[in-house]
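See structure below.
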Amino acid sequence: MLPTLLFSLNLEFNFFRMIKKTTVYLNNPSPSVDQVGIIDRIDRITSRSIKDETKLQGLKLALNMVDLTTLEGADTENKVRQLCNKAQHLHDAYPGLPTVAAVCVYPNFVKTAKQCLQGSGINVASVATAFPSGQSSLEVKLLDVKIATDAGAEEIDMVISRGKFHEGEYNFVFDEIATIKEACGKSRLKVILETGELGSFDKVRKASDIAIEAGADFIKTSTGKISPAATLPVTLVMLEAIKDHYYRTGIQVGMKPAGGISNSKLALQYLLLVKETLGKDWLTNQWFRFGASSLANDLLMQIVKQQTGVYQSKDYFSKD
Amino acid sequence: MSRLEILKTYKIYIGGKFPRTESGRFYTPKNGTTPLGNICLSSRKDFRNAVVAARGAFDGWSGATAYNRSQVLYRIAEMLEGRKAQFMDELMQQGSTKGAAEKEVHASIDRIIYYAGWCDKYTQLFSAVNPVATSHFNFTVPEPTGVVSVFAPEENSLIGLISTIIPVIASGNTCVVLASENKPLCAITFAEVINSSDVPGGVINILTGTRKELHSHMASHMDVNALFYTGNDKKEILEIKKLAVDNLKRVVVKDFVTIYSAEHDSPYYIEDFVEMKTTWHPIEKIGAAGSGY
Amino acid sequence: MTKKTIKINFDTGWDLAPAPESTSHIQLNEQYELFIGGKWVKPSSGKYFPTINPATEEKIAMVAEANEKDVDKAVKAARKAYTEVWSKMPASERAKYIYRIARLIQEKAREFAVIESMDGGKPIRESRDVDVPLAAAHFFYYAGWADKLDYAFPNRKPQSLGVAGQITPWNFPLLMAAWKIAPALATGNTVVLKPAETTSLTALKLAEIIQEAGLPDGVVNIITGAGETGAAIVNHNDIDKIAFTGSTGVGKIIQNAVAGTNKKVTLELGGKAANIIFEDAVLDQAVEGIINGIYFNQGHVCCAGSRLFVEESVYDIVLRKLKDRMESLIVGNPLDKNTDIGAINSKEQLTTINNYLKIGKSEGAEMYQSNCVVPKKGYWCKPTLFTNVSQSNRIVQEEIFGPVLAIQTFRTVAEVIEKANNTPFGLSAGVWTDKGSKLFNLSSQLKAGIIWGNTFNKFDPTSPFGGYKESGFGREGGLHGLKPYLKF
C-alpha cells in the first residue's frame, strides 16, 4: 500500500512541476489544421498577380529580408569572407539597393563573419544546438550557443529536438527552448522546427505554439537539410500560430521560411501571404526573413529586369 | 334467446389514440342500401391535429434505425395476418366477394412484407459516392421528406391504403391519411393493427370523411412537406397542385387502377418521398502522391 | 485588457498594382439575334435591349428580345429536331456532340471568362477558375452518361421527355446554362434555353460553340429576353419539361402555371444557408469558409452561407479573425486578376441589397463593412456583416443575394440545429467542427440538400445539387441529375 501511495504522490509532484513551466502552453492547446483549407487559401495567394511598382517594391523588400546562408561541411574561412563581401556588395552596378538582413553561418565562423561585416548593419546569425539534427545533450547545445554568442552572433538559429517531440515529450521540447533562450541573452532566438520531419500540419502548429510560448523570437521552418523544406502552406500554418499568439498577448514573433525558396516569384508570394495574414508590422526584416542562398541573386536579376525591362542572365551577377 | 351483437364504433386515429372527430359529426356510407356504420366525418381541425401528431413523431421515426423500421413494418404484417378474418369480413360488408376479400387481404400482407424488406435497403439503391475533382469525400443519401398528406384510393380500400401508406413511412416519413370515403371500415380496423404493432403514435394518422371537405387543407397546410394523391379527378388534382405551391410541397399523383400489379411493389414509391442530401468533407492529402504538405 | 489595443495593421503601403485581364482577344458582336433552329434570327418584334457592364455602367451589346412568337418558333425547332434527328440518333453519337461542346469551351476558356466577368461583374479569378472550367466539366461529365442511361436506371427503360424549356439566372450565366443543357442533351431531349436578361452574352457565345460543334439544327435553341419571354416558355403547351433556377417567388409562379399540365418541373430556388462554427472547429480555415461562403460571387449565390452561427465561447475570436480577413479582400474591377469581390450584377440588385442594409440597421443590428475603397462608377457593395441580430430579423430570414452576412451565436447543438432549420429554405448548410461524430450528427439533422462539412461553396458535376423545402425540388448534377429529364 505504502509504496503505491508514495509512487502516486511522486507522480503528482512531477506532474505539477511540469505544468508550472508549461502553463501558458497548456492553457491554449494547439488547434488542429485543415490541410485542404490551407491549400485553398494558398491557391488564392498564388493566383494573385504582382506586377509593376508593387513587384519592384516587393523584390527590394524581399532582398532586405534575406539571411544569406552557407551551412556546408565544406565551408571555409574564405568562403565565409566571400559571402560576407557579397552581402555588402550585392550588385554594385545598381546603386540604391538594400542589403540583406544577415549572414548565417556555423558557430566556428561567427568571428570571421563579424569581422567582415563590421559597420555594415548586417547581422551575423549562427546556427547552434547541434545543428542540423539536434541530437546531442543540453550541455553541448548550451555550449554551442555560448560559443556563437561569445563570438558576437546577434542571432541564434536553434533546432528543436524532433525525436522528443514525436515521443510526445512536449515539456522537454518546451523546456529546452526556454533554456536556450535564456542562454541567448541579448541575441535573438530563431527556433527551427524542421517541418519536413514533423509529418503533419497539426504537428507543425503544435511545435510552433510550443516554440512561441517557450520564448522564440522567430520560428523557422527548416534547416535546409531535409526535404520538404519551407513551403507556402507550412508557412501559413506557422503564421497563424504567430497571429493567435499576437491576438492573445500583443507580442510579435517573427517568421523565417528557409530552404527551397530560390526564385523571386515565390518570395513575393511569401510576402503577400505575410501581408494578408499579419499585415504591415511583419513586413520588415525585423520580423520576417528568408533563409536562402541562391534567392538573393534571383531577386537582383528581377530587380534589374524591372528597372531596365530587359531579361537578365546569371552571368552578370556575382556568385559567392 | 339469441345474443345481441355488439356493434363497433369506428373512430379516427391521431397520435396513437382513437378520438372521435372534434366536430362531433358523422356520415353513414352504405353498401347498396345497407349502412356500414356511423363513421367520423373528420374536420379540418382533425386534420390540423393529425399534422401536429405527425410532425411530433417525425424525428423519432426518421431517427430510428432502418432495421428497427423494417421490423416494425414486419410486425404490422404479422398483426394483420392474425386478423385476416376480421378484415375479410369488413371487405365483404363493403361489397367484396369472399374470394376477392381474401385476395385483397393476402396481397396487403404480402405488400407490407415487401416494403418491410426495403427499409434497410433502399438507401443503398439511391445513394451515391460522387467522385468529385477536388480533395473532398462526397456522398449523396436519401432522407425522408417529412410529413406527407395521403389520399388513399377510393376503391380497394385495404390494399389501396397499404400501398400508399407503407412506402411513404418506410423511409421515415410520417403521414396523415384520408381513408376511402365510401369504404372506410378497413382503414379504422387497420389503425387498430398499427396501434398494436410497435408503430410509434403519430407516424400514421388515419382520418375518415370526405375529400371534398378535406382536400384543400391537406394540400395547403404549410407544415406538410409532400402530398400523395390517388385518383383521377382532374379538377381536384389541379386544385391540389395549385394549393401545394405555397410551400412547394412535393406532389405525387397516381391513378391506382392496377393496384394488384407488381409495379406497385416498387422502391420507386419510396423514392418519391425522399430528398437527396449531398455531403462534402475535405480529405487530407498528406503522404499521398501530390501531397500538399 | 490589452486585448482591445492589439490590432493587426493591414495598411501596409504595399498594395497590389492593377492587373487587368486583357480584353483584346475576345470577339463580341454589337448586336445579338436569337439562336433558333441552328440559325441566328431577328426577333419578330424587332426589339433589342442593352446588356450593361455593371462595373462601368457601359453598354456592351444589344440583345434581342424574344416574344411569344419567337418562343413558339424555338419550341417548334426543338420539337422538329427532337422527332426527326435527336431522338433517333444513337446515344453514343449524341455523347460525341456533347463532348465536342466541352472541348470547345475549354479551348475558348479565356474568352468565356472575360465576357462572363464583363457582363455579370464577377471577378475574373472566379469566372476563370470556377465558372468556365466547371461548365466544361459539366458537359464532359454528362456526355459520358448519354449511352449509359440503362446502367443508371437498371430495368427501368429510361426514355427522354421531348423538349425542355430552361430558364437560368444571372449569377452563374454560363455555368447554369451548362447545368441545364448538358443533362438534357445527354438524356436525349432538345432544348429551348433562356438566360437571364442582364447576363445573356455567355449563353449566346455558347450558342456559337454549339454551331461550331455542328449540333443538328434545333437541338439547342437559345433565346433572350426578360420575364415575359420566360413566361412564354413556361406556358408553351408543346414543352415537356421546365427547368428553372432563380428566385423562390418566380419558382412558385412557374409551379402554379404548370399545375394543370403534364410538364415535369425542376426548381432550384433560393436559400438562406446556415454556416455553423463550433468551438472545436479549425477556426482559421473556418473563417476562410465563412468568407468563401458569403463573399463568393458578391454573395449572388443561392447556397451562400448568409446566416453565420458561432458558438458563444469562440464568438469574439471568430469575429476578430473574420474582420481581419475581410481587410485583405479586394473589391473592384472584375477584370483585375487580384479582385476578390466584383461588381453587383445590376442596379436593381444593388438597390435591393442597399435596402436590406437599411432594414438591418433599422432593426437594431450592428453593421460592419471592411475598409476597402470601391470605384466611383459601377455598382458596388463592400463586404458587410451584421452582428446583434436574431432569428426574427428580416436580414436573417430573407435571401439578400449580396455580400451581407448575419451573425448569431449559440450555446448548444440542439439550439443551433433548431435555429438552422428554422427557415422555409433548405438548400445548403455548413458545419465546422473537428469532431467527426458531431459533424455527422449535424449533417444528418440539418434540413438541406447540400451539407458542407469543414468546407463551403464547393461544386462538381458529379455532385447532386438541389434543395429541401422552399429551395425547390429535383437535383442537378451527378447521376441524380439525369432523372428529372427522363421518364420510365
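All values below were derived from every heavy atom in this structure, side-chain atoms included, with hydrogens, water molecules and symmetry-related copies excluded.
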(request) Heavy-atom distances under 4.5 Å only: say whether N138(B) touches chain C with side chain, backbone, both or neither. (result) side chain
(message) Using heavy-atom distances under 4.5 Å, tell me whether I450(C) contacts chain B through its side chain, its backbone, both, or neither.
(response) both
(request) Compare every heavy atom of P183(C) with every heavy atom of A178(C), then report the nearest pair and how far apart it is. (result) O-CD, 3.7 Å
(message) Keeping N421(C) on the side-chain end and E418(C) on the backbone end, is there a donor-acceptor pair under 3.5 Å?
(response) no
(request) Establish, yes or no, whether the cationic atom of R156(C) lies under 6.0 Å from the six-membered ring centre of F488(C) and within 45° of the ring axis. (result) yes
(message) Applying side chain to side chain contact (heavy atoms under 4.5 Å, CB included), can you list everything that pairs with D59(B), at least two apart in sequence or on another chain?
(response) none
(request) Report the option among V431(C), L446(C), I253(C), T248(C) that has the most heavy-atom pairs separated by less than 4.5 Å from atoms of chain B. (result) L446(C)
(request) Give the member of K241(B), K242(B), M276(B) that has the highest number of heavy-atom pairs under 4.5 Å with chain C. (result) M276(B)
(request) Sort out for me which of G251(C), A257(C), A429(C), S443(C) touches chain B most, counting heavy-atom pairs under 4.5 Å. (result) S443(C)
(request) Would you mind checking which part of A448(C) comes under 4.5 Å of any heavy atom in chain B, side chain (CB onward), backbone (N, CA, C, O), both or neither? (result) backbone
(request) Taking the six-membered ring of F278(C) (Phe, Tyr or Trp), confirm whether the NZ or CZ of K435(C) is under 6.0 Å from its centre and within 45° of its axis. (result) no
(message) With a strict 4.5 Å heavy-atom criterion, list every residue of residues 130-140 of chain C that contacts chain B, or say none.
(response) none
(message) What I want to check is whether the side chains of N130(B) and T140(B) have a donor and an acceptor closer together than 3.5 Å.
(response) yes
(message) Using the ring centroid of each side chain, check whether Y229(B) and H215(B) are separated by less than 6.0 Å.
(response) no
(message) Are there residues of residues 456-469 of chain C whose heavy atoms fall under 4.5 Å of chain B's heavy atoms? If so, which?
(response) K458(C), F459(C), D460(C), T462(C), S463(C), P464(C), G467(C), Y468(C), K469(C)
(message) Counting C-beta onward and ignoring hydrogens, is there a side-chain heavy-atom pair between N156(B) and I159(B) closer than 4.5 Å?
(response) yes
(request) Output every pair passing ring-ring contact (aromatic ring centres under 6.0 Å, His included) with a member in residues 412-448 of chain C, not counting sequence neighbours, ordered by first then second residue. (result) none
(message) Looking at K252(C) and D246(B), would you say the former's side chain and the latter's main chain have a donor-acceptor pair under 3.5 Å?
(response) yes
(message) Taking side chain as everything from C-beta outward and backbone as N, CA, C, O, which of these in F139(B) sits under 4.5 Å from a heavy atom of chain C? Side chain, backbone, both or neither.
(response) side chain
(message) Please classify the contact between T261(C) and chain B as side chain, backbone, both or neither, with a heavy-atom cut-off of under 4.5 Å.
(response) backbone
(request) For R111(B) and S163(B), test the side chains for any donor-to-acceptor distance below 3.5 angstrom and give the result as yes or no. (result) yes
(message) Give me the atom names and distance for the closest heavy-atom approach of H217(B) to E213(B).
(response) CD2-O, 3.6 Å
(message) Taking the ring of F151(B) and the ring of F228(B), is the distance between their centroids below 6.0 Å?
(response) no
